[in-house]
Q: 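This structure is in structure tokens; I'll ask about it shortly.
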Amino acid sequence: MNLKKLLYIDRRIIYLVVAIGALIPIIRPIGLPVVPTEPVIGLFDKLQSLSPGDAVIISYDYGPSSEPELNPMSAAILRHCFHRDIRVIIMAIFPLGGVNMAIRQLERVTGEFEDLEYGTDFVNLGYKDGGQAPMKAMAVSIREVFPNDVDGNDTASMPIMSKVQNYDDVKVVISLATGIIGEWWADLVNAQFDVPVAVGCTAVSAPKYYAFLRSNQMIAVLGGLRGASEYEELLRRNFEWAREVYSDPDEMKQSATTGMDVQSIIHVIIIAFIIFGNVMYFATGKEKGR
Amino acid sequence: MQPLGLSIGVWVNALLTLCILSFLYKDNPFFRFAESLFAGMSLGYYIGIVTVQTLQPNLIQPLSETFFGNYNYLLLIPMALGIMLYFRYIPRISWLARIALAVYIGYYVGVLMMQKIHGQVLPQTRDTIMPVTTGGIGALWNLVVIIGVFSVLVYFYFSVEHKGVVGKVSRVGIWFLMVSFGASFGYTIMARISLLMGRFSFLVNNWIRPMFGS
């Protein structure tokens, strides 16, 4: 057998194998176990420690390209907040779709709660341009930065905003971030205004955020789909309602836990290809006497 | 049965996804079309959302509703600076754009300088000052962090030739960098798989399954 042919296998065959590996758990979820880790437990514990009526900011700093990783995270955090009667102030700093992600996630989750009232229990302030500028200005007055909500309603007349003037009235900021925006919340808002910050980020950004976690500039880091699945697992372990929500077939399809099945299978495929490629490389090298 | 508008949206979404995925086979006009459409729509979306969510509530509304109240007339200054940025397209007065750009850069340099020193340099440096003599696994990890930071800094110090002790320490730095790149690359793969999973999940659960009524 010519080993060299195997070494130069058409990349499209690899794509095909990966595609099959991804499709199997999507069609029939396996339910591989997920074990929560400390960086994720930090946010869960923080939200558990808050009292009903406390306010948190959730900033939707991602767009459609990060949807698969951050949507399940967002849904899990929103559910946790609403079940604990924590008031949620939604906003977006990421221009390309952040506000739409927020609208869709609120539509998905708020329908599960009959007594939630917009403007009292939660508000969607919409998108604000300028990156660090609105973040800094919110330390003085959130209402001045967001005079209107996402639909153009006056925020000053909303009960939730009458209790939240600036960062002093916010217990934690949770940034669901793609790229660098989560970093700004830590090195600007946490550093200068001492607000606890947690970041749910795409896996690409996760390594740099662990440095902020280590230096206590963040209270938690939820890294990619894995972080989201760990948060879902924490909810399932602690609450009966979560076990019901995440056993619903439609919810399961969108959950990070199902996504982790795909991750695990494809990781095995990739590791197998790496081992195979290296074995073939050294085998063909020996043939040539290298 | 899905509403017609929703099903049309799903079909457009699915077909554009397939156009993009077709690049995996080879470059083709369908991929080019979807790519250009995405770029154009992103720009249009950005202009729209900045107009509706920032310019309208933070500039146009205050100026039109209460021009003199709450010192709103001062908003004319950032408005003028914003318009001046576009003067660069008129050669005769293009120099005016530099004034606006200078203000813009000045503001962000000021914000970022504080942000980086106060929020990154100092806390991250402080985090490398850790006990290594307390014993236990914690002290061992602290030592690893200290050696890592020190050796990588030596690797990036180019005023001394990397020979002898400096060379050996910088070599250790390279190893730390390689481990860091490996971790980043592993996480990147994880993120890319999530994207693939997201698209496949959409195609299977939102497009194909409803077609067959399941």
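Quick note: numbers below take in every heavy atom, side chains included, and nothing from hydrogens, waters or symmetry partners.
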Q: Is Ala256(A) in contact with chain B via its backbone, its side chain, both, or neither, using a 4.5 Å heavy-atom distance?
A: neither
Q: According to the side-chain hydrogen bond (donor to acceptor under 3.5 Å, both in side chains) rule, which pairs have a member within residues 75-89 of chain B, sequence neighbours left out?
A: none
Q: Could you give the distance from CG (Leu16(A)) to CG (Leu24(B)), rounded to the nearest 0.5 Å?
A: 11.0 Å
Q: Where does Val52(B) contact chain A at under 4.5 Å (heavy atoms): side chain, backbone, both or neither?
A: neither
Q: Which distance, rounded to the nearest 0.5 Å, do you find between the CD1 of Ile208(B) and the CG of Leu23(A)?
A: 8.0 Å
Q: At what distance, to the nearest 0.5 angstrom, does CG of Leu196(B) lie from CD1 of Ile266(A)?
A: 5.5 Å
Q: Non-hydrogen atoms of chain A under 4.5 Å away: do they reach the side chain of Leu21(B), the backbone, both or neither?
A: neither
Q: Any non-hydrogen side-chain atom of Leu188(A) less than 4.5 Å from a side-chain atom of Val111(B)?
A: yes
Q: Between chain B and chain A, which N/O donor-acceptor pairs sit under 3.5 Å?
A:
unit_1: Leu24(B); atom_1: O; unit_2: Arg11(A); atom_2: NH1; d: 3.4
unit_1: Tyr25(B); atom_1: O; unit_2: Arg12(A); atom_2: NH1; d: 3.0
unit_1: Tyr45(B); atom_1: OH; unit_2: Asn100(A); atom_2: OD1; d: 2.2
unit_1: Tyr46(B); atom_1: OH; unit_2: Asp129(A); atom_2: OD1; d: 3.3
unit_1: Gln53(B); atom_1: O; unit_2: Lys128(A); atom_2: NZ; d: 2.7
unit_1: Gln53(B); atom_1: OE1; unit_2: Tyr127(A); atom_2: N; d: 2.7
unit_1: Gln53(B); atom_1: NE2; unit_2: Val150(A); atom_2: O; d: 3.3
unit_1: Thr54(B); atom_1: OG1; unit_2: Asp129(A); atom_2: N; d: 3.0
unit_1: Asn58(B); atom_1: OD1; unit_2: Lys128(A); atom_2: NZ; d: 2.6
unit_1: Asn58(B); atom_1: ND2; unit_2: Val145(A); atom_2: O; d: 3.1
unit_1: Gln61(B); atom_1: OE1; unit_2: Asn148(A); atom_2: ND2; d: 2.9
unit_1: Tyr108(B); atom_1: OH; unit_2: Gly130(A); atom_2: O; d: 2.4
unit_1: Gln115(B); atom_1: OE1; unit_2: Gln132(A); atom_2: NE2; d: 3.4
unit_1: Gln115(B); atom_1: NE2; unit_2: Asp187(A); atom_2: OD1; d: 2.6
unit_1: His118(B); atom_1: NE2; unit_2: Ala191(A); atom_2: O; d: 3.1
unit_1: Gly119(B); atom_1: O; unit_2: Gln217(A); atom_2: NE2; d: 2.4
unit_1: Gln120(B); atom_1: NE2; unit_2: Glu183(A); atom_2: OE2; d: 2.7
unit_1: Gln120(B); atom_1: NE2; unit_2: Asp187(A); atom_2: OD2; d: 2.6
unit_1: Gln124(B); atom_1: NE2; unit_2: Ala211(A); atom_2: O; d: 3.4
unit_1: Gln124(B); atom_1: NE2; unit_2: Ser215(A); atom_2: OG; d: 3.1
unit_1: Gln124(B); atom_1: NE2; unit_2: Gln217(A); atom_2: OE1; d: 3.0
unit_1: Asp127(B); atom_1: OD2; unit_2: Arg214(A); atom_2: NE; d: 3.4
unit_1: Asn142(B); atom_1: OD1; unit_2: Arg214(A); atom_2: NH2; d: 3.4
unit_1: Met190(B); atom_1: O; unit_2: Gln263(A); atom_2: NE2; d: 2.8
unit_1: Ser194(B); atom_1: OG; unit_2: Gln263(A); atom_2: NE2; d: 2.6
unit_1: Arg209(B); atom_1: NH2; unit_2: Ile27(A); atom_2: O; d: 2.9

Q: Using every non-hydrogen atom in the two residues, find where Pro147(A) and Pro57(B) come nearest and quote the distance to one decimal.
A: CG-O, 3.5 Å
Q: Ile77(B): what forms a side-chain contact (heavy atoms from CB on, under 4.5 Å) with it, not counting sequence neighbours?
A: Leu74(B), Leu81(B)
Q: Quick one: closest heavy-atom pair of Ala191(A) and Gly119(B), and the distance?
A: CB-CA, 3.7 Å
Q: Measure distances from Leu122(B) to the heavy atoms of chain A and classify the residue's part below 4.5 Å as side chain, backbone, both or neither.
A: neither
Q: With sequence neighbours left out, write down each residue that passes ring-ring contact (aromatic ring centres under 6.0 Å, His included) with Phe31(B), or none if nothing qualifies.
A: Phe23(B)
Q: Between Met130(B) and chain A, with a heavy-atom cut-off of 4.5 Å, which part of the residue counts as in contact: side chain, backbone, both or neither?
A: side chain
